[in-house]
> 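Attaching a single structure in structure tokens format; questions to follow.
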Amino acid sequence: MAEVKLLGFWYSPFTHRVEWALKIKGVKYEYIEEDRNNKSSLLLQSNPVHKKTPVLIHNGKPIAESMVIVEYIDETFEGPPILPKDPYDRALARFWAKFLDDKTAAMVNTFLREGEEQEKGKEEVWEMLKILDNELKDKKFFVNDKFGFADVAANFMGLWLGLFQEGSGVVVVTSENFPNFCAWRDEYVNCSQVKKYLPPRDELLAFFKAFLSAASASASASTSAKK
Amino acid sequence: MAENDVKLLGSWPSTFVMRPRIALNIKSVDYDFLEEQIASKGELLLKSNPVYKKIPVLIHYGKPICESLIIVQYIDEYWSSGPSIFPSDPCDRAIARFWACYIDDKWFPLLRRLVVAQGDDAIKAALYPVVEGLVLLEDAFKNCSKGNKFFGGDKIGYVDIALGCFLGWMSVTEKMNNIKLLDEAKIPRLYKWAGDFCADSAVKDVMPETDKLAEAAKALLPKIRADASS
């Protein structure tokens, strides 16, 4: 019997991408919530290189890296396609998915760090947003007006970025400075291909507010301990 | 001009540019190689890759494709009748993609730090994590190759291309700093693989000779150091 397990964090956009792909394909799976402070032996065995979620385990074989897993799901299971058929469109989808992923570390620095690291993070995020603002002018989806791979990768920018801003009080994106990006984002969270698969915003916001204030408290504590 | 309108913007010393060149060779596809100058970026490059402004860029029937591994996947999918670069099994494909991600996201930044390092202390500090990464990749090779010559099996595949493109610069770095990266005692499988990879017909004409690359490195290193610190 085919067996699909997903190890993840409910609040993580990376785990969400994989769940989204599984739901698009109608795949039955067992979801296992991991604890980042106490990772299970199954997780450590399944992703010994990075020790991170998400990890998909299909018939006992583990696959890691969220967009690698999404592509695997697309190739393995029947159902609506996530990557387009045409090789050029596939290249565009992969390009934007990679672009969206490249700035994850900069995002973390912007909202979770302070001082020089935060400033550098903000600069990188700003540059990324300029490019997205230009690309997403009058666009609903990244490739050929059809929902797909890059739009799944865009969940971080579409939903989580706003949550981080609200949760931390650090504002990078406004409709004045990035009007096209904001128009795209407002459509994104409301469109039918996305809305039904998004996790509950209020719960996520509450989680990140608590998470970000705990992170900031421990950063101040360690700063005052150093003084 | 190549018959099927394939252009590749790149430069011969570049590791990332080598990747699509190897892929095009595997598929026996003719292409126009348009050399970019080191000091300035040409108009065609800036137009074709406005997001990153970097080589390589493949331009196929006027349409640009950017990012070396994305170009390799495009080549494999477009010229699907040629020898496959990816394995056929979806799980093996996912594993190949995983290792390519590891190579680019985790290992290459460590290699770059070693290449730009100056002074014995900096070189020694930079060397260890690179070698650690290679030990991990030796293990990956054992699992992916299944007893064959390459990560891709009996012929060159995606991970071979992803990792093999760095062999020229690794060799230059070894000679310049009197260090060992491909240590036969530590990583015997990768040591042998490196020789097999460089000798492959799809690779040997695009892998620069170490001496020629070492000469070019003298002019390139200041710029690489500047880019790495920005």
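Each chain gets a letter, A, B and so on, in the order the sequences are listed, and its residues count up from 1. Computed from heavy atoms alone, side chains included, the values below leave out hydrogens, waters and symmetry copies. Bear in mind that the values here come from a model prediction, so they are computed numbers and not experimental data.
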> Return yes when atom CG of B/D121 has more than 12 non-hydrogen atoms of other residues, nucleotides or ligands closer than 6.0 Å, and no otherwise.
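Counting neighbours around CG of B/D121, 12 or fewer heavy atoms of other residues, nucleotides or ligands fall under 6.0 Å, so no.
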
> Between the side chains of B/R97 and A/E75, is the shortest nitrogen-to-carboxylate-oxygen separation below 4.0 Å, so that they form an ion pair?
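Result for this pair is yes, salt bridge flagged.
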
> Spell out the residues in residues 80-105 of chain A that have some non-hydrogen atom less than 4.5 Å away from a non-hydrogen atom of chain B, in order of number; otherwise answer 'none'.
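Residues in range: A/P87, A/Y88, A/R90, A/A91, A/R94, A/F95, A/W96, A/K98, A/F99, A/D102.
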
> By a 4.5 Å heavy-atom criterion (distance strictly below it), what part of B/P50 contacts chain A: side chain, backbone, both, or neither?
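B/P50 has no heavy atom closer than 4.5 Å to chain A.
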
> Side chain, backbone, both or neither: which part of B/L136 has a heavy atom under 4.5 Å from chain A?
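Contact with chain A is through the side chain of B/L136 alone.
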
> Please check if the number of heavy atoms outside A/K137 that lie under 6.0 Å from its NZ is greater than 12.
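Atom NZ in A/K137 is not packed in, count stays at 12 or less.
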
> Any chance NZ of A/K25 has more than 12 other-residue heavy atoms, nucleotides or ligands included, within less than 6.0 Å?
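For A/K25, atom NZ is crowded (more than 12 foreign heavy atoms under 6.0 Å).
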
> Using a 4.5 Å heavy-atom cutoff, which residues in residues 39-49 of chain A come close to chain B?
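Only A/N47, A/V49 of residues 39-49 of chain A have a heavy atom under 4.5 Å from chain B.
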
> Could you go through B/F98 and A/H50, starting from their C-alpha distance and side-chain angles, then the distance that decides it, and tell me whether this counts as side chain to side chain contact (heavy atoms under 4.5 Å, CB included)?
CA-CA 11 Å; B/F98 172 86; A/H50 303 300; 3.6 Å; yes

> Within the supplied structure, the quantity of interest is the number of heavy atoms (other residues, nucleotides, ligands) at a distance under 6.0 Å from B/Y128 OH; does it exceed 12?
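Counting other residues, nucleotides and ligands, OH of B/Y128 stays at 12 neighbours or fewer.
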
> If you count every heavy atom of other residues, nucleotides or ligands that lies below 6.0 Å from A/K146 atom NZ, does the total exceed 12?
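No, NZ of A/K146 has 12 or fewer neighbouring heavy atoms, counting only those of other groups under 6.0 Å.
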
> Taking side chain as everything from C-beta outward and backbone as N, CA, C, O, which of these in B/C101 sits under 4.5 Å from a heavy atom of chain A? Side chain, backbone, both or neither.
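Answer is side chain: those atoms of B/C101 sit under 4.5 Å from chain A.
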
> Using a cut-off of 6.0 Å, state whether more than 12 heavy atoms not belonging to A/Y11 lie near its atom OH.
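Result for OH/A/Y11: enclosed.
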
